[in-house]
Amino acid sequence: MLWHKNDYCDRHQKFHMKALYVGKGGIKWRIPHHWRTKNTSNEMLIYFSFTEIENRMAKYIEQLFLDLYHFPLNRSENPGTRLLCMYCDQGEVD
């Protein structure tokens, strides 16, 4: 997943992160590829998170996220409408 760090949330005392993209595949080539091809100029800094799982499960999880959540940088098969967010402390965003 690619994430954008919004402002600091005083209520949670952490940084608010908004999901921009979900995908599956080899992390070593996908991150550089997306850096070159996805328009992230409005977000400036992009963070990523990933987990290594077998391909069949990755396909299922990716489609589940796409069905539930809206990812601004996913162009196809993204009928979801919800916003996916998380909160990170300073050490996690440094």
Side-chain angles (χ1 to χ4, degrees):
M1 290 194 164
L2 298 180
W3 301 89
H4 172 244
K5 180 176 79 172
N6 289 337
D7 286 328
Y8 187 79
C9 176
D10 290 326
R11 179 174 166 216
H12 293 95
Q13 296 184 347
K14 294 185 176 197
F15 289 96
H16 178 255
M17 309 287 283
K18 180 177 80 172
L20 299 175
Y21 178 84
V22 63
K24 66 171 207 64
I27 189 79
K28 289 182 181 180
W29 66 268
R30 286 188 68 92
I31 292 296
H33 173 75
H34 289 326
W35 180 256
R36 289 188 306 272
T37 61
K38 300 286 183 190
N39 183 4
T40 59
S41 59
N42 291 336
E43 289 82 15
M44 305 268 293
L45 290 175
I46 300 297
Y47 297 82
F48 67 91
S49 61
F50 74 97
T51 185
E52 292 188 36
I53 54 179
E54 61 185 71
N55 188 49
R56 184 178 308 261
M57 187 60 74
K59 286 179 181 181
Y60 172 77
I61 292 171
E62 177 189 33
Q63 193 60 55
L64 181 63
F65 275 114
L66 289 168
D67 288 346
L68 294 174
Y69 300 102
H70 173 70
F71 296 94
L73 298 180
N74 282 89
R75 294 199 175 109
S76 61
E77 298 184 38
N78 190 195
T81 58
R82 297 177 181 150
L83 184 63
L84 180 61
C85 300
M86 70 174 174
Y87 293 92
C88 296
D89 62 31
Q90 185 67 47
E92 293 170 314
V93 297
D94 282 345

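Between atom CG of residue L64 and atom CE of residue M57 there is a gap of 11.0 Å, rounded to the nearest 0.5 Å. From Y8, atom OH reaches atom CD of Q13 across 5.0 Å, with rounding to the nearest 0.5 Å. Between the CZ atom in R30 and the CG atom in L2 there is a gap of 9.0 Å [rounded to 0.5 Å]. Note that CG of N78 is 6.0 Å distant from NE2 of H70, once rounded to the nearest 0.5 Å.
Between K5 and W3, every side-chain heavy-atom pair lies at or beyond the 4.5 Å cut-off. In this structure, I46 and Y21 have side chains that are not in contact, with every pair of non-hydrogen atoms separated by 4.5 Å or more. Y87 is listed as a side-chain neighbour of H16, based on a closest heavy-atom distance under 4.5 Å.
Minimum interatomic distance between E62 and G23 (heavy atoms only, all atoms of both residues): OE2-CA, 3.3 Å. Contact record, C9 with H12: SG-ND1, 3.1 Å, taken as the closest heavy-atom pair. The shortest non-hydrogen separation linking I27 to P32 is O-CD, 4.2 Å. Closest approach of N6 to F15, counting heavy atoms only: O-CD2, 4.4 Å.
Residue N55 qualifies as enclosed at atom CG: its count of foreign heavy atoms under 6.0 Å is above 12. Within a 6.0 Å radius of CZ in F65, other residues, nucleotides and ligands contribute 12 heavy atoms or fewer. At most 12 non-hydrogen atoms from other residues, nucleotides or ligands lie less than 6.0 angstrom from OH of Y60.
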Determine, stepwise, if the pair K24 / I61 fulfils side-chain contact (heavy atoms from CB on, under 4.5 Å). CA-CA 9 Å; K24 66 171 207 64; I61 292 171; over 6 Å; no

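With sequence neighbours left out, D10 forms a side-chain hydrogen bond (donor to acceptor under 3.5 Å, both in side chains) with no residue at all.
Using a distance-only test at 3.5 Å, with no hydrogens or angles considered, no donor-acceptor pair links the side chain of Y47 to the main chain of H4. Between the E92 side chain and the D89 main chain, a donor and an acceptor come within less than 3.5 Å of each other. In this structure, N74 contributes its side chain and V22 its backbone to a donor-acceptor pair below 3.5 Å. Judged purely by atom type and a 3.5 angstrom limit, D67 has no side-chain atom pairing as donor or acceptor with the backbone of E77.
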